[in-house]
Asks: 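Below is the structure I would like to discuss, written out as structure tokens.
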Amino acid sequence: METTEASSETAGRRGRPRLAAPQRDGASPADEILDAAAELFIARGFAATSTRLIADAVGVRQASLYHHFRTKDAILTALLDSTVRASLDVARALAADPRPALDRLLELAEFDATQLAASRWNLGALYLLPELRTDEFGEFRAARTELADHYARLAADVVGRSDDPRVLIPFRLVESVIGLRSDEALAPDGSWDAATIVHTVADAIRSVLLSNP
């Protein structure tokens, strides 16, 4: 593993000239690096993906990659953060919202599931990487745990008790999107697209929490 120095550098620092014209999706060189790394980490695994492979996939020199991300860990940290940070911000805002708990829970679930279902790569699959158990990724684990806790508190308000096992289900239903993508449930012909999956997850959460225990 290429270890810690710092997390991602901000985009916009000048690196060396490209080896070729841009090959990846992204509004900036840093975004292109993240796009390439996401594809490679998911397809090959983290340990088997070198920064040279990522640089080659982007069409830049390896030294240029380090102008944006100092380590491979920093690249993975940025990708993981993109899967949880926005949803956690929404969850924190909804905690103070006066609307009924079910409405807030479903809003969070739909936002979160959309992040997982509509992204270019199935970034949630990175959660299974064994490297995530190390100290370098403790901040991500803490953020994901906080997000799960928000789900559980909202669900407990819906069912009226925190010790009801159903309070753990909404978060897991949202993360089932990761497995559905891995199983190619997002059909190329659009027969079951991201929006349909998101609505299905929301309906399942409503059904579970409003059913008689």
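Position 1 is the first residue of the sequence, and the numbers go up from there. Please read these numbers as outputs of a predicted model, since none were measured by experiment.
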Asks: Return the CZ to CZ distance between Arg52 and Arg61, rounded to the nearest 0.5 Å.
Replies: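 Here the rounded value is 11.5 Å.
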Asks: Would you say Ser87 and Arg144 are linked by a side-chain donor-acceptor pair, where the criterion is simply a distance under 3.5 Å?
Replies: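 No, because no side-chain N or O of Arg144 sits under 3.5 Å from a partner of the opposite role on Ser87.
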Asks: So do the side chains of His199 and Thr196 get within less than 4.5 Å of each other, counting heavy atoms only?
Replies: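 A side-chain contact is absent here, since even the closest heavy-atom pair is not under 4.5 Å.
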Asks: Suppose we screen for side-chain contact (heavy atoms from CB on, under 4.5 Å). Which residues come up paired with Asp203, at least two apart in sequence or across chains?
Replies: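 Asp203 satisfies side-chain contact (heavy atoms from CB on, under 4.5 Å) with Arg206 once adjacent residues are dropped.
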Asks: Rounded to the nearest 0.5 Å, what separates atom OH in Tyr151 from atom CG in Leu168?
Replies: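 One finds 13.5 Å between OH of Tyr151 and CG of Leu168.
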Asks: Between Arg120 and Glu39, does any NZ, NE, NH1 or NH2 come within less than 4.0 Å of an OD or OE carboxylate oxygen?
Replies: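 No.
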Asks: Side chains of Tyr127 and Thr83: donor-acceptor distance under 3.5 Å anywhere?
Replies: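 Yes, Thr83 and Tyr127 have a side-chain donor paired with an acceptor closer than 3.5 Å.
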Asks: OG1 of Thr51 to CD1 of Ile75: how many Å apart, nearest 0.5 Å?
Replies: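 Atom-to-atom, Thr51:OG1 and Ile75:CD1 are 7.0 Å apart.
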Asks: Run the salt bridge (Lys or Arg N to Asp or Glu O under 4.0 Å) test against Glu139 and tell me which residues pass, sequence neighbours left out.
Replies: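 Checked Glu139 against salt bridge (Lys or Arg N to Asp or Glu O under 4.0 Å); zero matches.
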Asks: Would you call Asp103 and Arg99 a salt bridge, using N to O less than 4.0 angstrom?
Replies: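 Between Arg99 and Asp103 there is no salt bridge, as every charged N stays at least 4.0 Å from the carboxylate O atoms.
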Asks: Check whether more than 12 heavy atoms from other residues, nucleotides or ligands sit under 6.0 Å from atom CZ of Arg133, and answer yes or no.
Replies: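 No.
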Asks: Please report the closest heavy-atom contact between Leu126 and Ile42, naming both atoms and the distance.
Replies: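 Closest heavy-atom pair between Leu126 and Ile42: CD2-CG1, 3.9 Å.
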Asks: Report the distance from atom CG of Asp97 to atom CG of Leu154, rounding to the nearest 0.5 Å.
Replies: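 Nearest 0.5 Å value for the CG-CG distance: 9.5 Å.
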Asks: Can you confirm whether Ile54 sits close enough to Thr49 that some side-chain heavy atom of one is under 4.5 Å from a side-chain heavy atom of the other?
Replies: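 Result yes, sub-4.5 Å side-chain heavy-atom pair found.
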Asks: Rounded to the nearest 0.5 Å, what's the gap from CZ on Arg166 to CZ on Arg161? Could you check?
Replies: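 Arg166 CZ to Arg161 CZ: 8.0 Å, rounded to 0.5 Å.
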Asks: Looking at Glu175 and Arg172, does any basic side-chain N land under 4.0 Å from a carboxylate oxygen?
Replies: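 Yes, Glu175 and Arg172 are salt-bridged.
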Asks: Tell me, do Phe69 and Ile33 make a side-chain contact under 4.5 Å, heavy atoms counted?
Replies: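 Yes, side chains in contact.
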